[in-house]
Amino acid sequence: METTAGTTPSRPRRTLATEAVHAGREDLAALGVHAVPLDLSTTYPSSDSRAEARRIDAFAATGGRLEGPPVYARLDNPTTARFEDALARLEGTETAVAFASGMAALTACLLARSAAGLRHVVAVRPLYGSSDHLLTAGLLGTEVTWTDPAGIADAIRPDTGLVIVETPANPTLAEVDLRAVAHSCGTVPLLADNTFATPVLQRPAESGARIVLHSATKYLGGHGDVLAGVVACDEEFAGALRQVRFATGGVLHPLSGYLLLRGLSTLPVRMRAASATAAELARRLAADPRVGAVHYPQIGGAMVAFEVLGDPHAVIGGVRLITPAVSLGSVDTLIQHPASISHRVVPEAERSRSGVSEKLLRLSVGLEDVDDLWSDLSLALASPDSTRASTPGFRTPAEGGRSFA
Ligand SMILES: *Cc1c(COP(=O)(O)O)cnc(C)c1O
C-alpha cells in the first residue's frame, strides 16, 4: 500500500504533509508538465475491439481498474484516479474510489453489500442528517438497527453487511473509540465516516475500519466549490464499489477530481490552522455566560458545537463576518442550526435523544483571524433573548485526548 508506480520499496516512508503535496503527481516531471493534466473525455478511441472486450470482461470479473484508457468515462478517469491514489495514500489504504457526492459514496457502499445479500446495517447515532435519513427510510432496501457503540456486537446478525459510525459525529462532535468498535464488528466491515477529522487528525484504517468514507465536499476540497465523495478501502471492496459506480452512474466530474487533488495539497496546513483557531474559540465560548455547553473533540479539529442559552436563530441572524450556511470545511467560517437544517430530516425524538438539541449551533471554523471571528460571534450572541448561565460544560482537547499532530 506504500508502493505506487515510481516508488521503490527502499524509499523512506514520507510524512503526511509531504504526501499531501506529492501523491498522485509522481509522473508529472516525466510527462514534462507541472500542473495535473485534466482529461475531460467521455469516450476513448480504440481500433482493437477484441482487446476492449477483454478489458471489459476483466472489469466485470473484479472491478479492478482498467489497464490503459478507460473505454468510457463512467468506468474511470485519469484525473480523478490521481485524486483517488493520493487520498488512499493519506488514509493508508490500498486504494480509493471517488463519487459525485458523499451521499453517492454511502449509497455505493450500501448497494455493494446488499448485492452480496447483506441488507442489514448496524449504525450509531448521530450520523450526518442525510445518512441517517437514507438508512431510516430504507430507500435502498436496507434495514437499520440503531445502537450505541456498546451495543454493536449484540446488534449484528448473519445478514449484517456494514457497521456505520461517524467520529467525531455530525453535528454533536461525539467521538467513538474506533479500535473498540472495530473489535465489536468481528468480520463485519466497519465503515467510519472520517469527514470531520480527515486523515490529518485520524486514520481509521489503522484502527481497524475497513471502509473510510468522506464527504470530499468538506475539508478535502476545502473551498466550498466541489461536491464529491470518496471511499478509501482495500482493493477487493473497491472493486465492488467501482462496479456499483459504473452501473449506477454516480461518477465524479474530472474537474472536481482536479480540484480535489489540488485541495489535498493544502489539507494539512488548512486543518492545523483552522483547528488551532477552533480550539481557541471553544475556550472563549466555554468561558462565556451566554453559552450553556461547548463540544469540542478530544482529537481536536476545526468544528465546534455549542448550546446557547438564548435564541439560536438570533445568533444565525446576527453574524456578519461568519457565513450563515450549512456545510463545513471551507476556508471561511460557517455557522448553522442543525435542528433546522442539516438534521431537519431526522425525526425530532431521535434528534434530541442523540444530543441534537434545539439550542445547538454548529460552527465550521475557517482560516480567518481568531479575534475577528470572536468579535463577530460575540456580537451575534448579544441578542436580546440572551440569558445568563453559570456552569458552562467544556472538555479541553488536553483532557484525555491527543491534540492534532
Ligand atoms: C456532508 C456530509 C455527508 C454527505 O456528503 P455530500 O457530499 O453532501 O453528499 C456525509 N457525511 C458527513 C459527516 C457529512 O458532513
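Hydrogens, waters and symmetry mates are skipped; everything else that's a heavy atom, side chains included, is used. Every number for a ligand or one of its atoms is a count from 1 in the order of the listing.
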Pull out every atom of ligand 1 sitting under 4.0 Å from any heavy atom of [X], numbered as shown with elements.
| X | result |
| --- | --- |
| Ser101 | 7 (O), 9 (O) |
| Glu166 | 13 (C) |
| Ala228 | 7 (O) |

Inspect the contact between [Y] and [X] and indicate whether a charged nitrogen and a carboxylate oxygen are less than 4.0 angstrom apart.
| X | Y | result |
| --- | --- | --- |
| Glu235 | Arg242 | yes |
| Arg210 | Asp234 | yes |
| Glu19 | Arg25 | no |
| Glu350 | Arg125 | yes |
| Asp371 | Arg284 | yes |

### Task
Under 4.0 Å, heavy atoms only, figure out whether ligand 1 is touched by the backbone of Ala216, its side chain, both or neither.
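For Ala216, no heavy atom sits under 4.0 Å from ligand 1.
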Distance to 0.1 Å, residue and atom name: give those for the protein heavy atom nearest to [atom].
| atom | value |
| --- | --- |
| atom 5 (O) of ligand 1 | Ser215 OG, 3.0 Å |
| atom 14 (C) of ligand 1 | Lys218 NZ, 3.0 Å |
| atom 4 (C) of ligand 1 | Tyr128 CE2, 3.4 Å |
| atom 7 (O) of ligand 1 | Thr217 OG1, 2.6 Å |

#### Entry: N/O donor-acceptor pair under 3.5 Å between Ser352 side chain and Ala349 backbone
yes
### Query
Is the shortest N/O to N/O distance between Leu227 and ligand 1 below 3.5 Å?
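No, Leu227 has no N/O under 3.5 Å of an N/O on ligand 1.
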### Task
Indicate yes or no: does an N/O atom of Gly102 lie under 3.5 Å from an N/O atom of ligand 1?
yes
### Message
Please confirm whether Ala105 approaches ligand 1 to less than 4.0 Å, judged on its heavy atoms.
### Response
no
### Query
With a cut-off of 6.0 Å (strictly less than), are more than 12 heavy atoms of other residues, nucleotides or ligands near CZ of Phe246?
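Yes, enclosed.
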### Candidate with minimal heavy-atom separation from atom 11 (N) of ligand 1, of Asp193, Thr195, Leu134, Asn170
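When every heavy atom of Asp193, Thr195, Leu134, Asn170 is considered, Asp193 comes closest to atom 11 (N) of ligand 1.
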### Gap between atom CG of Leu361 and atom CD1 of Ile335 - 0.5 Å precision
5.0 Å
